[in-house]
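All remarks here apply to the structure that follows.
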Amino acid sequence: MQSLTPELRIEQVDVRAGDTLIVHNACLSLSVGQRVALLGRSGCGKTTLLHAVMGLIPLDSGEVEVRGGASKSLARMVQLIPQDAAGSLSPRLQVEALLARPLAKLKVPGDHRQRILQAMQQVDLSPSLLNRKAHELSGGQAQRVAIARALAIGAQFLLCDEPLTGLDPALKDDTVQMLSELNDIGILFVSHDLLAAQQLCQRAVVMESGHITDEGDWDHLLGPSGSPILEELLRATPQLHS
Ligand SMILES: Nc1ncnc2c1ncn2[C@@H]1O[C@H](COP(=O)(O)OP(=O)(O)OP(=O)(O)O)[C@@H](O)[C@H]1O
């Protein structure tokens, strides 16, 4: 039997806030092993789309599905790394409890301790941090714990919402490197940092006022027929990270 590469499919998605259409007819697909940047000006609807994919906001129309995934549960297969990753961790809980609780809640099979240790290794965090409380972590460490939590659950797709915000140039590079080493994961990477997006992602999708207006590889997007929005982002991106 032919094995399918798992694919996250966002099909003709509309999202409303009250009477306002925030995202209109968004179509996007992401396979395990692919890394795709979602780019656009502030307020164009990137976070809203991610939240809708996660089911945090209802879809007005359209569909989100994973085809060929290891689990039937979208909640396990697709995980959001929010803009404020540190704020998403209960400050008084130890890292081990933060990672263990969702495994129990979602009834993830297998040895949970083993899953947690493996996830910590994948994000380059020492197991000694497992005894640390969340409020005792640096911003960069907290973000890696949030990613480790998603990996321990068995996520096959990570929706990373501006994961480089607030990191110094060296940590930005480390984070891009760490994300690029996560094999067998599909990453949708929202960032205003075009250089990091180019380093990490094979292709990008451009959003404008709630619409996806362009997509393709970097040669296309930064070429003469590419989106002018990328030129703006390029001008705003520091040329050197370190
Ligand atoms: N619950 C809501 N009610 C009304 N308007 C909303 C709501 N949520 C988001 N919006 C509006 O929808 C638009 C898209 O917001 P969103 O946060 O998705 O943009 P973004 O592209 O992620 O921006 P940024 O890059 O600054 O994070 C904005 O104009 C925002 O004010």
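We count ligands from 1, going down the list as the structure has it; atoms in each ligand are counted the same way.
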So if you build clusters from Ile, Leu, Val, Met, Phe, Trp, Tyr with side-chain heavy-atom gaps below 4.5 Å, do Met120 and Val108 land together? yes
Could you tell me whether atom 11 (C) of ligand 1 has a protein heavy atom closer than 4.0 Å? yes
For Ala197 and Trp218, the nearest pair of non-hydrogen atoms, with its separation, is O-CZ2, 3.5 Å
For ligand 1, which atoms, with element, lie under 4.0 Å from some heavy atom of Arg41? 21 (O)
Rounded distance (nearest 0.5 Å) linking atom CG of Leu38 with atom CG of Leu49: 6.0 Å
Could you find the nearest protein heavy atom to atom 25 (O) of ligand 1 and give me its residue, atom name and distance? Lys46 NZ, 2.8 Å
protein heavy-atom neighbour closest to atom 3 (N) of ligand 1 works out as Ala17 CB, 3.3 Å
With the threshold set at 4.0 Å, does a side-chain nitrogen-carboxylate oxygen contact exist between Glu63 and Arg9? no
Does atom 31 (O) of ligand 1 have a protein heavy-atom neighbour under 4.0 Å away? no
So for His51, does at least one of its heavy atoms come nearer than 4.0 angstrom to any atom of ligand 1? no
Ile185 and Leu151 have their tightest heavy-atom pair at CD1-CD2, 3.7 Å
Leu93: what forms a side chain to side chain contact (heavy atoms under 4.5 Å, CB included) with it, not counting sequence neighbours? Ser90, Ala97, Leu98, Arg101
Without hydrogens or angle criteria, can the side chains of Asp214 and His220 be said to hold a donor-acceptor pair below 3.5 Å? yes
Could you list which atoms of ligand 1 come closer than 4.0 Å to a heavy atom of Glu162? 24 (P), 25 (O), 27 (O)
Side chain, backbone, both or neither: which part of Met207 comes within less than 4.0 Å of ligand 1 when only heavy atoms are counted? neither
min-distance protein heavy atom vs atom 26 (O) of ligand 1 -> Ser42 OG, 2.6 Å
Just how far is it from atom CG of Leu233 to atom NE2 of His192, taken to the nearest 0.5 Å? 7.5 Å
Shared ILVMFWY cluster between Val23 and Leu21, side chains joined below 4.5 angstrom? no
Check for me whether Gly40 has a heavy atom closer than 4.0 Å to any atom of ligand 1. no
Test of understanding: given a 4.0 Å heavy-atom threshold, classify the contact between Ile22 and ligand 1 as side chain, backbone, both, or neither. side chain
Sub-4.0 Å atoms of ligand 1 with respect to non-hydrogen atoms of Gly43: 13 (C), 14 (C), 19 (O), 20 (P), 21 (O), 23 (O), 24 (P), 26 (O), 28 (C), 29 (O)
Suppose we measure from atom 17 (O) of ligand 1 to each protein heavy atom; which comes out shortest, and what is that distance? Thr47 CB, 3.7 Å
By number and element, which atoms of ligand 1 are closer than 4.0 Å to a non-hydrogen atom of His192? 25 (O)
Mark up the atoms of ligand 1 that fall under 4.0 Å of a heavy atom belonging to Gln83, in ascending order. 27 (O)
Near Thr48 (heavy-atom distance under 4.0 Å), the atoms of ligand 1 are 9 (C), 14 (C), 15 (O), 16 (P), 18 (O)
Assess the side chains of Glu181 and Gln177: does a donor N or O sit below 3.5 Å from an acceptor N or O? yes
